[in-house]
Amino acid sequence: MSLDKATVARIARLARLEVPDDQLETVAGELGHILAFVEQLNEVNTQGVAPMTAVVEMGLRLRADKVTEGGDPEKVLANAPERAGDYFVVPKVVE
Amino acid sequence: MSNLIKGETGEWEIVIGMEVHAQVISESKLFSGAATAFGAEPNSQVSLVDAAMPGMLPVINEAAVRQAVKTGLGLQAKINLRSIFDRKNYFYPDLPAGYQISQYQHPIVGTGSLTIELADGSSREIGITRLHLEQDAGKSLHDQSPSSTYIDLNRAGVALMEIVSEPDLRSSEEAGAYLAKMRSILRYLGTCDGNMEEGSMRADVNVSVRKPGGPLGTRCEIKNVNSVRFVKQAIEYEARRQIELIEGGGKVDQETRLFDTGRGVTRSMRSKEEAHDYRYFPDPDLVPLVLAPEFVERLKEELPELPDTKKQRFVRELGLSPYDAEVLVAEKESADFFEAVAKGRDAKTAANWVTGEYFAALNRAGATIAEFPVSAEKLGELIDLVADGTLSNRLAKDVFEGMAETGKSAAEIVAERGLKQVSDTGAIEAAIDKVIAANADKVAEYRAGKDKLYGFFVGQVMKAMGGKANPQALNDLLKRKLSA
């Protein structure tokens with residue numbers, strides 16, 4: 001499967017990755033190789049096989065409904081590039 | 001009752017589907033042990049899982065699972081014993097992981113139904129498509145600074161149930177009734193507090209219009225509407241807008257819109273072109289959620305009596321009118337209060353008091369049942385005083401006012417104000433004799449056939465006795481004396 005430049009630009013945008021125009025061609029080729037590798041799986045007949053969502057045969061372990069974390073805004077905000085009081089501050093985003 | 005709207009080119013039908021987001025009642029979040037309490041200091045209820053720190057793993061909260069299953073059972077829905085959590089990918093500053101953990105193709109609850117009652121007394125069954133569990137996002141504050149947005153992650157990761165209806169609703173009234181009924185059921189179940197002002201329940205409303213019987217029109221989704229009244233207003237406006245657009249030669253674009261509560265209009269959110277490309281895929285951190293049939297069975301047995309069943313019981317077993325029963329069961333607190341008052345008493349009398357004087361006083365005071373000074377026990381004692389002849393209905397209403405103001409018991413107020421009804425025939429007779437003697441001309445007119453004057457005599461005697469005469473005794477004696 002080959003990808004065109006527009007598709008690569010769209011995927012990059014969705015992933016918030018900056019891909020300069022002059023590199024779109026190269027990235028399209030690289031991504032195409034990855035897809036081609038994965039596409040080999042299409043050769044396997046999966047008729048009647050339930051999709052596998054996990055590699056281990058087990059169900060989720062359930063946690064008791066207890067408050068065991070939180071109460072430490074300093075820890076949560078430690079890496080914030082900017083803060084005001086105990087809020088994170090980010091560039092203005094309004095719809 | 002027709003739901004069709006008249007346009008320039010004839011009649012139109014509105015088609016509505018709703019997505020209700022209901023915050024699950026639980027102590028801790030869906031996938032972390034941080035607290036969920038409303039109104040805490042910013043970022044004080046955030047675990048490193050909620051903040052999406054690298055390497056942190058989600059562990060699901062058993063209570064949230066239980067609440068979702070309970071809600072499914074309350075909506076007569078199919079419970080899926082195996083469900084899967086997916087990542088819904090999008091970027092927004094209040095979503096630290098860059099994805100929301102949600103359920104896509106395999107939700108925990110499948111198809112169900114909910115019955116709505118309409119003003120004309122009819123009822124309709126509305127299909128539920130599914131219910132799934134997902135994480136709430138954090139909160140963005142845009143008004144704290146001119147150039148920045150502030151982020152509080154306390155709400156990030158709180159468990160939500162998204163409940164999706166079939167596009168079965170046909171009017172703003174039906175949509176309003178659906179939301180109100182959903183809220184009532186969730187509150188009966190104790191799975192969501194239904195507090196729409198605090199945002200614990202909000203609805204996305206999908207609206208389209210079509211010619212009756214024609215193919216479905218293009219729909220618009222009105223996001224985050226947070227009251228029954230706003231849902232109705234938003235639908236009324238949006239349907240009109242779409243009809244005018246189509247009749248004017250235009251076409252409806254499928255888009256997300258916001259309801260401006262101040263101006264009563266919907267407006268486009270102008271979402272970016274890829275906004276809806278969520279690229280769902282199964283969350284590799286979470287294996288499938290598998291429920292034991294016994295787990296679901298046990299929850300089914302513990303299910304409380306829900307509003308529809310309660311209403312039927314009130315009508316069938318207690319002899320209430322369907323209207324009174326409907327009013328009483330809408331809120332679980334009202335129904336519980338009524339049942340406490342009616343216990344061991346005449347149910348219809350209790351219903352009249354609760355839906356009449358009591359609700360009116362509650363409204364005037366702007367209070368909740370828990371806050372109001374007249375408890376079910378106290379109201380019951382007042383009703384007993386009417387039943388045993390101590391108070392007339394009229395006096396009882398005065399006593400009730402006093403109870404509402406002071407919080408005292410009926411007996412205390414009766415004693416304080418000397419309001420006890422007079423059933424002593426001697427005293428009543430004496431008062432009647434005086435009134436007859438003082439109004440000889442009117443007595444003559446009455447006896448000559450002017451029946452309307454009867455009320456005048458009753459009023460005069462009551463007035464002379466400070467309103468305390470037993471009305472039954474007064475009537476008997478007065479009739480006898482006047483016809484003598």
*Can you tell which of Ala64(A), Gly59(A), Gly85(A) has the highest number of heavy-atom pairs within less than 4.5 Å of chain B?*
Gly59(A)
*Name the region of Leu141(B), side chain, backbone, both or neither, that has any atom closer than 4.5 Å to a heavy atom of chain A.*
side chain
*Answer with side chain, backbone, both or neither: which region of Leu81(B) has an atom nearer than 4.5 Å to a non-hydrogen atom of chain A?*
neither
*Side chain, backbone, both or neither of Phe31(B) within contact of chain A (heavy atoms, under 4.5 Å)*: backbone
*Nearest non-hydrogen partners of Pro73(A) and Pro42(B), listed with the distance*: CB-O, 4.3 Å
*Gap between atom OG of Ser83(B) and atom CG of Leu60(A) - 0.5 Å precision*: 8.0 Å
*Does the pair Arg61(A) and Val287(B) meet the rule for a side-chain contact (heavy atoms from CB on, under 4.5 Å), with working shown?*
CA-CA 9 Å; Arg61(A) 186 175 71 80; Val287(B) 295; over 6 Å; no
*asked:* So which residue, Ala40(B), Ser44(B), Ser145(B), ends up with the most heavy-atom pairs under 4.5 Å with chain A?
replied: Ser44(B)
_Which heavy atom of Leu62(A) sits nearest to which heavy atom of Leu289(B), and what is that distance?_
CD2-CD1, 3.8 Å
*Name the region of Pro96(B), side chain, backbone, both or neither, that has any atom closer than 4.5 Å to a heavy atom of chain A.*
neither
*Look at Thr68(A), Val90(A), Val89(A) and state which one has the largest set of heavy-atom pairs under 4.5 Å with chain B.*
Val90(A)
*Are Arg66(B) and Asp65(A) close enough for a salt bridge, meaning some N to O gap below 4.0 Å?*
no
*Residue Ala80(A) versus chain B: region with a heavy atom under 4.5 Å*: neither
_Among Val290(B), Asn43(B), Thr36(B), residue most engaged with chain A (heavy-atom pairs, under 4.5 Å)_ = Asn43(B)
_Would the distance check show the side chain of Thr149(B) and the main-chain N or O of Val93(A) forming a donor-acceptor pair, the cut-off being under 3.5 Å?_
yes
_Can a side-chain donor-acceptor contact be found between Ser32(B) and Arg63(A) if the only test is distance below 3.5 angstrom?_
no
_Distance-minimising heavy-atom pair for Asp152(B) and Tyr87(A)_ = CB-CE2, 3.8 Å
*Rounded to the nearest 0.5 Å, what separation is found between the CD atom of Glu41(B) and the CG atom of Asp86(A)?*
7.5 Å
*asked:* Using a 6.0 Å cut-off, check whether atom CG of Asp22(A) has over 12 heavy atoms from anything other than its own residue.
replied: yes
*Proximal component of Ala35(B), with respect to chain A [non-hydrogen, under 4.5 Å]*: both
*Taking atom CD of Gln144(B) as the centre, does the number of heavy atoms from other residues, nucleotides or ligands within less than 6.0 Å exceed 12?*
yes
*asked:* Tell me if a side-chain donor or acceptor on Glu69(A) pairs with a main-chain N or O of Gly33(B) at a distance below 3.5 Å.
replied: yes
*Could you tell me which of Arg83(A), Met58(A), Glu82(A), Lys75(A) has the largest number of non-hydrogen atom pairs under 4.5 Å with chain B?*
Met58(A)
*For the side chain of His142(B) and the backbone of Lys92(A), is there at least one donor-acceptor N/O pair under 3.5 Å apart?*
no
*Answer yes or no: is there a side-chain heavy-atom contact under 4.5 Å between Leu153(B) and Phe88(A)?*
yes
*Heavy-atom distance under 4.5 Å to chain A: side chain of Ile84(B), backbone, both or neither?*
side chain
*Qualifying salt bridge (Lys or Arg N to Asp or Glu O under 4.0 Å) pairs, either residue in residues 135-146 of chain B, two or more places apart*: Asp136(B)-Arg155(B), Asp136(B)-Arg202(B)
*asked:* For the CZ atom of Arg13(A) and the CZ atom of Phe91(B), what is their distance to the nearest 0.5 Å?
replied: 10.0 Å
*What part of Pro288(B) lies closer than 4.5 angstrom to a heavy atom of chain A: side chain, backbone, both or neither?*
both
*Which region of Ser147(B), side chain (C-beta onward) or backbone (N, CA, C, O), has a non-hydrogen atom less than 4.5 Å from a non-hydrogen atom of chain A, or is it both or neither?*
backbone
*Check the surroundings of atom OH in Tyr280(B): do more than 12 heavy atoms from other residues, nucleotides or ligands lie under 6.0 Å from it?*
yes
_Tell me if the CD atom of Glu18(A) is crowded by more than 12 foreign heavy atoms within 6.0 Å._
no
*Got a sec: does the CZ of Arg279(B) have more than 12 other heavy atoms crowding it under 6.0 Å?*
yes
*Taking atom OG of Ser26(B) and atom NZ of Lys66(A), what is their separation to the nearest 0.5 Å?*
13.0 Å
